[in-house]
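Written out below as structure tokens is the structure these notes cover.
Naming convention: chains lettered A, B, ... in sequence-line order (proteins, then strands); numbering from 1 in each chain. Computed from a predicted structure; not experimentally measured.
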Amino acid sequence: MIAERNAQTAADPAAPGREAEIAVRLALQDVTKRFRGVVAAEGVSFSVEPGEVAVLLGPSGSGKTTLLRLIAGLERPDRGTIALNGDVVADPERGVWVPPERRRVGFVFQDYALFPHMTALQNIAFALPHLPRRERSARAAAMLERVGIAHLARRYPHELSGGEQQRVSLARALAPHPRVLLLDEPFSNLDRGLRVRLRTELKALLGSLGITAVFVTHDQEEAFELGDRLVILNRGRIEQIGTPEELLRGPQTPFVAEFFGWE
Amino acid sequence: MWATPETAAKGLVRRGRPLPRLGERGASSALPLLPLLVAALAAVPVLTVLLALAVPTPEVWAHLWATILPRRVLNTLLLVLGVGAGTFLLGTGLAWLVVAHRFPGRGFFEWALLLPLAMPSYVLGYVYMATLDYAGPVQTSLRGWLGPGFSFPVRTGLWAVIVLTLALYPYVYWLARAAFYELPGSAFDAARVLGHGRGRAFVRVALPLARPSLVAGVSLALMEALTDFAVVRFFNFPTLSEGILRVWYGMMNREAALEIAAVLLLLALVILGLERRLRGRARFSQSRGRAPGISPQPLRGGRGAAATALCTAVLLSAFGLPVLQLGLWAYRDLGGIGGAEWAGYGTLARNSLLLALGAAGLTGLLALLLAHGVRRGGPPNPLTRALVRLATLGYAVPGSVVAVGALFALSRLDHALNGWLEAGFGITVGLLFTGTALGLLYAYGVRFLAVAFGSVEASFEKLKPQLVEAARTLGASPRRVLLRVQLPLIAPGLLTGLLLVFVDVMKELPITLMLRPFGFDTLSVWIFQMVSESMWTGTALPSLLLVAVGLLPVMLLVRLGIGACGAPNPRPQGGRA
């Protein structure tokens with residue numbers, strides 16, 4: 001039944017899936033993180049509305065990945081709060097800390113981080129421990145179908161191409177219906193042609209799911225195509241936030257102007 | 001206030017209660033309790049012996065220095081020098097011959113020269129002693145040709161050095177061979193172009209670049225030589241290790257044994273310090289990656305034949321002929337033994353097997369606790385590094401030192417425990433650890449934890465941290481991550497570690513001899529006792545069994561090493577994109 005529904009939504013990207021109902025708001029308030037004195041994030045505040053795709057854009061070393069890891073709970077902030085749907089998941093001042101396995105976030109790693117000892121199907125089933133075995137496999141298979149590689153279910157990661165691994169990784173992150181999907185430069189290890197195609201597919205998929213997502217990239221083209229809203233970062237600070245149109249209309253800081261080459 | 005790992009694993013998180021964290025950057029320094037416990041337990045025997053240095057008993061010292069110590073210290077130093085030079089020359093020379101030359105049989109000798117690793121040094125020792133001694137077959141036949149007056153002395157330090165060199169050179173050979181394979185051919189060629197001959201290029205470029213590996217190999221061999229007390233006893237060349245056992249058993253003087261162990265430990269620490277210094281800051285042995293290595297030079301005619309003859313001679317004297325001799329004795333033994341003897345051998349084999357399995361399981365578990373435990377707190381920090389060093393100390397010191405230290409510590413614990421139970425509850429439990437299998441397993445754990453830990457740690461190192469993080473974001477608790485992701489991925493390394501410990505314990509002699517329960521004999525103990533009574537034939541079958549078990553890790557090394565160094569890795573990597 002689930003497979004059917006997923007097949008339907010996959011066939012018609014515009015049809016709202018059940019997942020859309022659980023889209024939540026993500027809010028960061030004054031988040032600061034230093035690594036041995038080196039600033040990775042300094043007083044960062046922004047929010048992502050339910051179903052919105054936010055893109056963190058900036059040069060390497062600007063703190064994009066750190067912010068994503070802070071949201072996932074893979075790092076602890078030194079200061080500030082992070083909230084999912086109003087639930088504070090990190091607030092060092094009040095001693096609040098929810099570990100990553102309890103945050104219900106999906107994370108797509110830059111190098112995919114597939115478990116090398118599990119098949120594609122098993123990788124996805126790993127994310128569904130609470131389901132009965134039969135249902136687990138069915139749901140994992142449905143997820144693979146959704147990303148278009150159902151026929152590769154029994155392959156091990158090293159038997160998959162980079163693009164295929166990326167799809168498994170995406171399916172695995174989405175399988176447990178996360179509240180927020182976090183993507184850390186998921187296309188950076190792929191050739192350009194493939195990247196453009198997968199980008200279009202991802203946009204359709206995110207649209208159909210209606211899930212709140214944060215996408216990290218240093219590629220402006222990618223950012224403008226995928227993002228409902230862009231957060232421009234530089235040295236751990238936010239330079240500007242806006243929709244692609246707003247950003248095109250005018251940079252607010254010299255850095256943004258230079259970054260986009262508009263000077 | 002930190003939550004325990006258990007509550008974290010069950011996800012019983014409450015607001016305001018921080019949890020222990022993942023192994024991510026910038027992790028906090030939650031005290032790693034389990035590693036702390038493992039390290040403390042493992043360090044006790046060595047620290048006990050060290051303490052004997054700090055708190056000496058003057059009258060025991062004075063007596064020892066006046067009687068047995070000077071000669072034994074001198075002999076031990078001579079043994080270290082002899083075995084050090086011998087294993088260095090033989091191991092490095094053979095490795096260079098095999099890596100940088102082509103000669104008939106090279107492919108075979110490349111791995112076969114490792115076979116002597118399977119031969120416990122005391123087995124090689126007694127075979128040599130029995131065949132070369134005055135009444136042995138060699139001297140008897142020589143007298144037949146050269147007249148009844150002919151004889152040469154065998155029970156000397158020189159023969160002890162020769163036997164230990166033959167038994168231990170594979171350590172150096174193995175590491176040297178890997179290091180020479182990793183040498184970039186370009187550096188060697190550069191030296192040639194700059195006007196050095198092949199020999200000079202070897203001395204000026206290859207040797208210095210391989211130095212860290214060579215030093216590591218020689219120091220491994222030296223630690224084994226320091227541990228040995230059987231070979232030196234067979235050849236009547238008393239050293240410190242031999243002295244510990246003699247004083248312990250012959251004179252029942254435990255204080256004196258502890259003091260001798262302390263001197264031996266000091267010597268071992270000096271060697272370890274030298275090793276550190278000689279290795280220096282140099283990290284030469286970086287992988288050359290895909291760059292070509294040294295191109296082997298063909299040895300033609302007489303030189304090729306000489307190379308083949310040299311390898312054959314080493315292999316025959318360190319492995320082939322001794323195994324043949326053992327086979328002959330075993331054949332003779334088989335003719336004369338009946339059900340009782342077979343049952344005896346069966347008991348010995350069972351005892352050895354049980355101990356080795358138990359020790360492998362215990363060290364494997366402790367290694368896992370240690371490696372996983374220090375990882376939970378994030379990247380290595382001074383505290384965890386110190387814990388690991390403490391926990392693996394036992395492998396860097398001679399086995400007899402571990403045995404004495406463990407015995408002292410355990411007997412103190414036993415007496416304290418017994419006294420407390422008698423005073424408090426009127427129960428007399430006797431000695432729980434001293435002279436029981438528990439105490440023996442504990443000492444094995446102290447001695448061999450480093451072996452299992454090395455394998456487990458190397459596997460953990462290779463594990464990408466993103467895999468753990470991915471599992472966590474997918475909702476897996478730390479326990480589930482360990483069971484489903486980390487353990488399956490490190491399983492090969494863990495099994496390798498278990499196998500190495502298993503074989504080490506099967507062959508182990510000093511700890512087994514000193515700590516075994518009364519009347520509990522193993523294969524190694526039996527061999528030692530039979531040899532002490534000059535009953536060679538009764539030792540042949542147990543010895544052959546030990547050699548056969550010892551072949552397992554050699555096969556593993558051959559499979560891993562030759563595959564990795566000799567040929568490109570055929571395993572598919574990454575994707576096809």
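Using a 4.5 Å cut-off between heavy atoms, A/Ala173 touches chain B through its backbone atoms (N, CA, C, O) alone. Within the 4.5 angstrom heavy-atom criterion, no atom of A/Arg34 approaches chain B. At a 4.5 Å heavy-atom cutoff, A/Leu182 makes no contact with chain B through either its backbone or its side chain. The part of A/Phe109 that comes within reach of chain B is its side chain, from C-beta onward, which places non-hydrogen atoms under 4.5 angstrom from that chain.
Atom CG of B/Leu467 is separated from atom CG of A/Asp111 by 8.0 Å, given to the nearest 0.5 angstrom. Rounding to the nearest 0.5 Å places CD of A/Glu101 at 11.0 Å from CZ of B/Arg480.
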For B/Gln466 and A/Gln110, what are the C-alpha separation, side-chain angles and deciding distance, and is it a side-chain contact (heavy atoms from CB on, under 4.5 Å)?
CA-CA 9 Å; B/Gln466 289 93 313; A/Gln110 191 171 357; over 6 Å; no

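The candidate from A/Phe126, A/Phe107, A/Tyr112 with the greatest count of non-hydrogen atom pairs under 4.5 Å with chain B is A/Phe126.
A salt bridge links A/Arg69 to B/Glu469: at least one charged side-chain nitrogen sits closer than 4.0 Å to a carboxylate oxygen.
A/His117 places no side-chain N or O within donor-acceptor distance of the main-chain N or O of B/Gln486, the cut-off being under 3.5 Å.
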